[in-house]
Amino acid sequence: MSTSVQGPPAAPPSAAPAAPPPGATGRGLPWIAALGSGLAVLLAGGPVTAIVQGGAWFGHAAAAVVAVVVVGLLLHRLGAVVVAAGQAVAVLVLLTVQFADNGILGVLPGPAALGEFGALVSGAGQQIDTGTAPVPGTPEILFLITAAFGLLAIGVHLAAVSAGAPAAAGVPLLAVFAVPAALADNLLPWWAMAAAAAGFGLLLVAGSGFGRRLPGSVAIVAVAVVLAIGVGAGANFVGTAGRFDTGSGSGGSGGSIGLSPFTALRGQLDQQSPTELFRVRGLTRPTYLRALTLRQYVPDAGWQATRPDPGVALPGPVQTQPAVPGDLANVEIENVAFRDYWLPLYGEPLDVGGLPENAWLYDRSSGTGYTGRPREEGGWREQTLLPVPTVAQLRQSSGSSGVGPEYLDVTGVDPRVTEIAQQVVAGRTGNFDRAMALQDYFAGPDSRFTYSLRTAPGSGDDALVEFLTVGRSGYCEQFASAMAVMLRTVGVPSRVAVGFTAGVDNGQYRSISTSDAHAWVEAWFPGVGWTTFDPTPLTDGRTIAPPYVQEAQGPAPDTANTPAEQDLSPGQDPAQQAPPPPTQPQDLPPDALTPAPSASSGPPLWPIAVVLLVIAGALVPAGLRVVARRRRLGAVNAGGPEAAGAAWAELLAESRDRGVGYPPSDTVRGSARRMVREHTLDGDAQQALRDVVGAVEASWYGGGHPAPGELDEPVHTVRAGIATKGSLSLRGRLLPSSVLHRTPVEQQAPVTERESAAPRT
């Protein structure tokens, strides 16, 4: 079979030798592109500062990126597959050195080290599930960040350096920016978006080398950064809960409780550097600042935030003064950094002012001020009664009149919890003495329970039983949850309150911070109302002991002479006080405050996201090949000056994907003969290839361009012939050689430049 390809009489001159790959030095290493890709990953990771405390994470991320860049340059000449594999090994070695104690020779990840990795991943998943941003920079979180930045750097290097397609690297860069931005409820600093824009701009210009285009490249990046800052400062839809922080607001990590109160509490208490939330003036004595109460207990899930009842519009009077002893106070609350659905208030609010009209409501039945959408007010005023019932009043008040049956609901509670509660209150007949017995059980001098933030939050009855019988260690969630459930099992109406302890008195005001976030118990006493009990055994002085608790913890009372249990008259019951008429909340979405979903004990979802990112990065070269094919075939179909060059480039790409190389010295006819020989093209395919070669030479050197559709059939025939004699391997499909290693012929000057340089006929 003849392998000659006939064409016009005059053979075209040899192709010029290919220039070094863009961004490479004289030795063929793409220094600029590799360094630019690594720096772009770090710049895009700026928002991580909003979800991880401290700056230690950056050192770990930088170490992973440096390892990927260095190994990528060392192995560059061995091809994309070897580069990616070597980079992955480098990241594993780095993780072993930094986080494993049982690596082979201290650097290689053996079975023991992989077991340690699994424990770190599990620990990081638990912290993510139970915390809120920003989380502490624990070894588990730092391991996760190191691994994530290593994988992302590999993907960006593969796209920007190995494939020579820096624009495609924008997908993983967008992920490393958008994921932290979505997780952080607080506002991102302006520089986070500016850094991400600068990183992507740097990636684009570094991918083709700076050279003489340095001033223009700098200008392009500068414009992108300015636009990014403008969009970030003026828009409220980019990844955060509001506008980007420009330095005029409170900044830093704010506070919120949201619709998952216990998760928010854990996140605020875990902060290494507490954030000031409120400054309170006018408080007559230390007392708890209540944000909301939880009345619904769901087995297998715990206490749930539910939609409040229709409330009284704020600002304005809330209720008449309850008929219980107490201290009147005019309190001013200055909001420093709290944004939420809930309006924290003290005691029994009588009047609330300093708020915008028609924005807030107060539900007296739950003791909760709320709004339909999270808001951050500058501050508010409150006239309130801080109840101080006497022990005698509380002992005389028992039963459950004046409160709904939901506050006694124990459906689904494990019988073992009821048994323990009954043992604790044995011999106690009144609601108050039962409540004191349970509080002392958890926080009294003889208690076997301890306070610890290292305890994972419970998620149902089994966890509650384990807490009461085995663990006996936890933080305010476990203690308040357990006591409230146990009160209900012995006939005392109860609910869980979430808010803040009294903070620190500096002489001018009380400063309340995220470290004061807390949960406690409120028990119902007919004729008195909801009364505070705190079962958490805090050791840092933040516990507030109300006067009636201090009185009861004195000498043991003579219970034999205690008056018989009786309810106060309905006229003395604060529930009978007529509040202002209720109104419906404004702009409250129908499902805004529905019960939160049950906590899941399943594995964290982030490994799935990482795997998807890796898969997406691996598919980038194949995607680029599809895009290039469609673009070229579209140009072939359209005809005109670009049709012949596009046809020839596509045929070379099809051949190159099947392992055929074309040296720089080849002419178009020489490359065509090589194509016929390597793929053993049949007669029809050879004739079609002659038609394409003739069209290429006529277009490049004679000024005669194909008509629309003229080359469609020849190109299709040649591509079919190439495919028939050489099917693509899996590696060839995922990592097309025509994308990873462009042929010298494809690196020639564009068709329009060749036309202008060629002699005209």
Side-chain angles (χ1 to χ4, degrees), residues 255 257 261 265 276-294 318-319 321-322 324-336 338 342-352 362 364 366-369 379-391 393-394 432 435-436 439 443 476 479-480 483-484 494-525 528-536 538 540-553 574:
I257 294 175
L265 282 181
E276 186 180 36
L277 301 179
F278 307 104
R279 295 174 180 175
V280 180
R281 298 173 176 86
L283 200 62
T284 57
R285 59 179 172 84
T287 189
Y288 292 103
L289 177 61
R290 180 175 58 239
L292 78 157
T293 61
L294 309 176
V318 174
Q319 61 180 324
Q321 182 173 334
V324 294
D327 302 326
L328 286 173
N330 291 305
V331 182
E332 292 186 4
I333 302 175
E334 178 186 350
N335 186 11
V336 180
F338 186 80
W342 318 111
L343 185 72
L345 295 168
Y346 286 103
E348 290 286 344
L350 306 178
D351 192 287
V352 179
Y362 181 75
R364 187 169 176 274
S366 65
T368 301
W380 52 94
R381 302 183 304 275
E382 179 189 0
Q383 183 184 30
T384 185
L385 175 72
L386 306 178
V388 189
T390 64
V391 171
Q393 281 181 301
L394 293 172
F432 177 72
M436 286 302 304
Q439 176 172 297
C476 56
F479 288 100
M483 180 177 174
S494 63
R495 66 190 186 188
V496 173
V498 180
F500 304 88
T501 58
V504 178
D505 189 351
N506 62 14
Q508 297 180 340
Y509 54 82
R510 283 194 171 274
S511 176
I512 299 176
S513 71
T514 51
S515 64
D516 297 307
H518 196 50
W520 60 95
V521 176
E522 292 183 349
W524 174 260
F525 293 86
V528 177
W530 290 105
T531 306
T532 297
F533 295 88
D534 192 347
T536 304
L538 294 173
D540 56 4
R542 292 189 295 120
T543 300
I544 301 171
Y548 49 86
V549 171
Q550 298 179 36
E551 181 183 351
Q553 289 175 338

### Message
Apply side-chain contact (heavy atoms from CB on, under 4.5 Å) to residues Val352 and Tyr362 and explain how you reach the verdict.
### Response
CA-CA 9 Å; Val352 179; Tyr362 181 75; over 6 Å; no
### Message
Run the side-chain contact (heavy atoms from CB on, under 4.5 Å) test on Tyr346 and Leu289 for me, step by step, so that the C-alpha distance in whole Å, both residues' side-chain angles and the decisive distance to 0.1 Å come before the verdict.
### Response
CA-CA 5 Å; Tyr346 286 103; Leu289 177 61; 3.5 Å; yes
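- Summarising the geometry of Ala502 relative to Ile512, their closest heavy-atom pair is O-CG1, 3.8 Å, with the distance given to 0.1 Å.
- By the ring pair (Phe, Tyr, Trp, His ring centres under 6.0 Å) test, Trp530 pairs with Tyr407, Trp524, sequence neighbours left out.
- The nearest pair of heavy atoms linking Ala480 to Val521 is O-CG2, 3.5 Å.
- For Gln550 (side chain) and Ala545 (main-chain N/O), a donor-acceptor pair under 3.5 Å exists by modelled atom type.
- Counting all heavy atoms, side chain and backbone alike, Thr543 lies closest to Asp534 at CG2-OD2, 4.3 Å.
- The line from CD1 of Ile333 to CG of Leu277 is 12.0 Å long, rounded to the nearest 0.5 Å.
- Across all their heavy atoms, Arg281 and Gln508 have their closest contact at CG-O, 3.8 Å.
- Not one N or O on the side chain of Thr536 forms a donor-acceptor pair closer than 3.5 Å with the backbone of Leu538.
- In this pair, Phe278 and Phe338 present their aromatic rings tilted. The plane angle is within the 30 to 60° band.
- Considering CZ of Arg279 and OG of Ser513, their distance stands at 12.0 Å, rounded to 0.5 Å.
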### Message
Working note: Phe533 + Met436, criterion side-chain contact (heavy atoms from CB on, under 4.5 Å); need CA distance, chi angles, decisive distance, verdict.
### Response
CA-CA 8 Å; Phe533 295 88; Met436 286 302 304; 3.8 Å; yes
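- For Thr384 (side chain) and Glu382 (main-chain N/O), no donor-acceptor pair under 3.5 Å exists by modelled atom type.
- For Asp327, the salt bridge (Lys or Arg N to Asp or Glu O under 4.0 Å) partners are Arg285, not counting sequence neighbours.
- With sequence neighbours left out, the side-chain hydrogen bond (donor to acceptor under 3.5 Å, both in side chains) criterion links Glu348 to Gln319.
- For Arg542, the side-chain hydrogen bond (donor to acceptor under 3.5 Å, both in side chains) partners at least two apart in sequence or on another chain are Asp540.
- At least one donor-acceptor pair closer than 3.5 Å links the side chain of Thr293 to the backbone N or O of Ser366.
- Put simply, the side chain of Thr531 gets close to the backbone of Gly529: a donor and an acceptor are under 3.5 Å apart.
- When every heavy atom of Ala519 is checked against every heavy atom of Val496, the shortest pair comes out as CB-CG1, 4.4 Å.
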### Task
Start with the C-alpha distance between Leu294 and Val498, add both sets of side-chain angles, then the distance that settles side-chain contact (heavy atoms from CB on, under 4.5 Å), and finish with yes or no.
CA-CA 8 Å; Leu294 309 176; Val498 180; 4.1 Å; yes
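- Looking at Ser494, its side chain does come within 3.5 Å of a backbone N or O of Ala484 through a donor-acceptor pair.
- Residues Val549 and Thr532 are not in side-chain contact: their nearest non-hydrogen atoms beyond the backbone lie 4.5 Å or more apart.
- Applying the salt bridge (Lys or Arg N to Asp or Glu O under 4.0 Å) test to pairs two or more places apart or on separate chains, those with a residue in residues 503-525 are Arg290-Glu522, Arg495-Glu522.
- Side-chain contact between His518 and Tyr288: present, with at least one pair of heavy atoms (C-beta onward) separated by less than 4.5 Å.
- With Leu328 as the fixed residue, the side chain to side chain contact (heavy atoms under 4.5 Å, CB included) test singles out one of Thr284, Leu386, Leu350: Leu350.
- To the nearest 0.5 angstrom, Asn335 atom CG is 4.5 Å from Trp380 atom CH2.
- Residues passing the side-chain contact (heavy atoms from CB on, under 4.5 Å) test with Ala291, sequence neighbours excluded: Ile257, Trp342, Pro344.
- The two residues Phe525 and Phe432 come nearest to each other via the heavy atoms CE2-N, 3.5 Å.
- Put simply, the side chain of Gln393 never gets that close to the backbone of Val528: no donor and acceptor are under 3.5 Å apart.
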